[in-house]
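Note on naming: letters A, B, ... go to the chains in the order of the sequence lines (proteins, then strands), and numbering restarts at 1 for each one.
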Amino acid sequence: MNAIEVSKLSKTYPGGVEAVKGIDFEVEAGEVFGLLGPNGAGKSTTVGMLTTTIEPTSGSARLAGHDVATAPLAARRASSVVFQEPVVDRSLTGRRNLEIHGRLWAVEPHEAAARIEELAATLGLGGLIDRPAGSYSGGERRRLEIARALVSRPRVLFLDEPTVGLDPRIRAELLEVIGSLRNRTEMTVLLTTHYLDEAERLCDRVAIIHSGRIVALGAPQALLAELGRELVELRIDGNVGTALASLRERGVAGEDAFAVGSRLTLPLHDRSSRDAIAAIHELGLTGAISAREPTLDDVYLRLTGDSLAAAA
Amino acid sequence: MSTAEIAIPTQRPAPVSVGPLATLARRRFQLTARTPRELVVPLLTPIMFALVIAPALKTALHTGTAYESYVAIGTVGLLIPLNTMFAGLGVIVDRVSGAQRELLTAPIPRGLLVLGNLVVALAITALQVGVLMAVAVARGIHFHASAGGIGWFVGAGLLFTVGMYGAAEILANRVPRQEEYIARVPAIAILPWFLAGALFPITALPIFLHWFAKFLPLTHGLALMRYGLRGDGSGLHAIWGMTNPTTMAALSLAVVGGFALLLTAASIRVFSRSAVQ
């Protein structure tokens with residue numbers, strides 16, 4: 001059974017802002033699924049609709065088989081959320097924050113107590129758990145929020161931009177923690193991020209979302225494979241459109257080559273970068289040339305004309 | 001940190017409402033207990049009235065001890081709105097920098113969040129009213145209360161507190177910031193107090209204000225409390241103009257009860273709607 005089913009889901013906010021425009025996707029039980037896109041793409045709105053804090057304008061969504069609109073309590077019972085912003089009772093201890101979650105999600109007190117001890121040890125909160133949450137650092141708080149979400153053993157875990165605003169060391173630590181969730185049986189994880197490395201590292205599949213629409217969906221490796229094993233990138237001094245046309249005419253660039261500003265990107269499917277660069281030189285095109293492996297940013301760039309990194 | 005093992009997620013039974021309500025009320029109480037201003041500040045003004053202003057008024061106006069008990073009960077009419085409005089601040093704190101979003105994703109009816117806050121507002125208000133009355137008695141103020149009279153007093157105080165907390169919850173969910181909330185508190189918590197017969201009978205007001213005062217729930221609440229603790233039905237008579245005090249008390253209790261019911265229902269509706277975008 002799919003853990004998440006989303007069909008033609010849309011959200012238009014008062015004032016006419018269309019944040020999500022009829023998206024469809026399904027997530028299998030046990031899968032780690034990423035919603036990848038820049039700020040304002042509609043990721044958090046999608047998570048909000050799935051967690052019943054935002055009312056869909058149209059379409060439907062089911063969590064663990066429960067329709068979020070007609071059976072919201074059952075849908076919420078099956079899920080937990082780690083929010084993008086701090087969402088803790090700062091004056092209460094970390095343990096109390098976790099206990100409250102356990103009680104509201106109907107976890108037996110003795111089971112919750114054991115679970116809290118286990119999670120505190122696992123997530124490196126052992127020495128902090130009885131301190132007020134307001135005294136935690138950003139990374140500690142985020143680990144506390146992940147622990148809290150796991151107290152109820154959710155069937156679906158939502159992680160909304162879990163590493164945003166954290167320094168690189170804490171972010172790396174946290175990615176390790178989230179990566180370890182992959183080893184946990186049958187828990188489905190929906191992760192939103194605008195960090196490409198997070199999506200590539202953590203997700204079984206990603207949906208790239210742009211202006212409220214899903215523009216690509218698949219396993220990261222499959223999406224990357226569409227751009228070949230390697231690509232050549234060149235910055236053109238002259239007219240980019242003319243250069244691209246010349247490259248296509250000579251068979252150096254395929255239909256999937258794309259231009260953004262003065263930068264041309266040529267996916268290479270069946271020729272080496274050395275050959276491609278030589279052909280470019282033969283055409284007399286001038287500018288900086290480099291070859292590299294494709295990233296999800298290139299996938300996004302080809303589909304939208306914007307760089308994820310720049311848009312985020 | 002190390003990699004953890006986790007058991008297979010299981011489908012848990014739906015929680016019964018009493019458990020979550022108790023959890024939410026306990027949480028709110030713990031948060032309140034860590035914010036002493038919510039406990040202490042609303043108490044300062046009424047105690048000042050009981051200890052300083054009422055005796056001073058008696059001396060200046062040459063009134064008797066009966067006026068002190070009149071004013072002591074009148075100060076309950078200030079204490080309840082102030083306390084409930086301060087309790088409403090917690091709703092904004094929860095929304096802006098607390099765990100409200102987490103609670104909104106909990107598998108419980110969202111109205112329980114309002115009711116959990118209400119339970120604590122009621123408990124703290126009861127404590128503060130108890131302190132106020134104890135201070136008044138210790139100051140030598142006399143009440144003539146029977147068991148039935150205490151019932152009228154408690155019923156009126158309880159229902160008025162419920163209604164006022166509903167108003168606070170609605171306001172807290174309507175305004176985005178604490179500053180805006182606080183700016184509205186005098187109009188809601190203090191202005192009616194001057195018109196509702198807290199310090200003098202409403203018959204002393206100009207005729208149009210007298211009529212306006214009859215529609216204030218606080219006027220009914222104070223008249224009921226005085227009827228209960230002083231055996232004084234004059235406040236009820238000023239509202240209803242009848243001769244049977246029990247009938248008038250029942251009518252005023254119905255008014256305050258309707259106020260409580262209406263504001264509580266409205267507050268749950270406003271919270272549930274404003275919590276979901």
Side-chain angles (χ1 to χ4, degrees), chain A residues 11 13-14 45 48 51-55 64 72-81 83 85-92 96-97 99-101 103-107 118-119 121-124 132 143 145 148-150 152-156 158 173 176-177 179-181 183-188, chain B residues 1-38 90-91 93-113 116-117 271-277:
Chain A
K11 176 64 185 179
Y13 286 107
T45 298
T51 56
T52 77
T53 56
I54 295 176
E55 195 174 358
L73 294 187
R76 296 206 289 264
R77 201 171 300 128
S79 61
S80 288
V81 194
F83 297 94
E85 310 85 17
V87 180
V88 292
D89 285 320
R90 299 169 63 85
S91 60
L92 302 184
R96 185 68 190 130
N97 273 278
E99 285 171 349
I100 290 169
H101 180 98
R103 294 304 298 265
L104 295 179
W105 267 257
V107 182
E118 177 199 342
L119 287 165
T122 304
L123 297 178
R143 277 186 276 145
E145 291 178 311
R148 180 178 63 187
L150 295 175
S152 54
R153 290 183 173 162
R155 296 165 75 184
V156 180
F158 293 96
E173 274 184 16
E176 202 169 299
V177 170
S180 75
L181 299 179
N183 303 327
R184 300 176 177 209
T185 52
E186 288 196 18
M187 184 166 64
T188 306
Chain B
M1 285 180 285
S2 60
T3 302
E5 295 300 319
I6 190 170
I8 294 170
T10 52
Q11 184 73 46
R12 287 178 303 282
V16 290
S17 291
V18 176
L21 181 61
T23 301
L24 292 167
R26 189 170 168 218
R27 166 186 174 270
R28 170 55 58 197
F29 181 77
Q30 288 173 326
L31 291 172
T32 302
R34 286 165 173 75
T35 318
R37 65 166 164 75
E38 289 190 30
V91 176
V93 173
D94 244 9
R95 185 180 65 229
V96 173
S97 59
Q100 191 195 75
R101 289 188 70 195
E102 156 82 359
L103 300 180
L104 291 174
T105 64
I108 54 171
R110 287 177 174 142
L112 288 181
L113 303 183
N117 294 343
F271 174 77
S272 300
R273 288 172 70 92
S274 64
V276 177
Q277 297 173 45

With chain A, which of B:Gln100, B:Arg110, B:Arg26 has the greatest number of heavy-atom pairs at distances under 4.5 Å?
B:Arg110
Side chain to side chain contact (heavy atoms under 4.5 Å, CB included) evaluation trace for B:Thr105 with A:Phe83
CA-CA 11 Å; B:Thr105 64; A:Phe83 297 94; 3.8 Å; yes
Between B:Arg101 and A:Glu85, is any pair of side-chain heavy atoms under 4.5 Å apart?
yes
Contact between B:Leu31 and A:Leu92 at the side-chain level, heavy atoms closer than 4.5 Å - yes or no?
yes
Just do the side chain to side chain contact (heavy atoms under 4.5 Å, CB included) check on A:Leu104 and B:Leu24 with the steps written out, would you?
CA-CA 8 Å; A:Leu104 295 179; B:Leu24 292 167; 4.1 Å; yes
Identify, with sequence neighbours excluded, every residue that meets side chain to side chain donor-acceptor pair (under 3.5 Å) alongside A:Glu99.
A:Arg96
Side chain to side chain contact (heavy atoms under 4.5 Å, CB included) between A:Ile100 and B:Thr23: does it pass, once the steps are laid out?
CA-CA 7 Å; A:Ile100 290 169; B:Thr23 301; 4.2 Å; yes
Could I get the full list of salt bridge (Lys or Arg N to Asp or Glu O under 4.0 Å) partners for A:Arg76, not counting sequence neighbours?
none
B:Arg34 portion near chain A, given a 4.5 angstrom heavy-atom threshold
side chain
The interface call for A:Val81 against chain B, heavy-atom contacts under 4.5 Å, is both
Value rounded to 0.5 Å, distance of OG1 in A:Thr51 from CG in B:Leu104
9.0 Å
Distance check, rounded to the nearest 0.5 Å: A:Asn97 atom CG versus B:Arg27 atom CZ?
8.5 Å
Chain A contact via B:Ala106 - which portion, at a heavy-atom distance below 4.5 Å
both
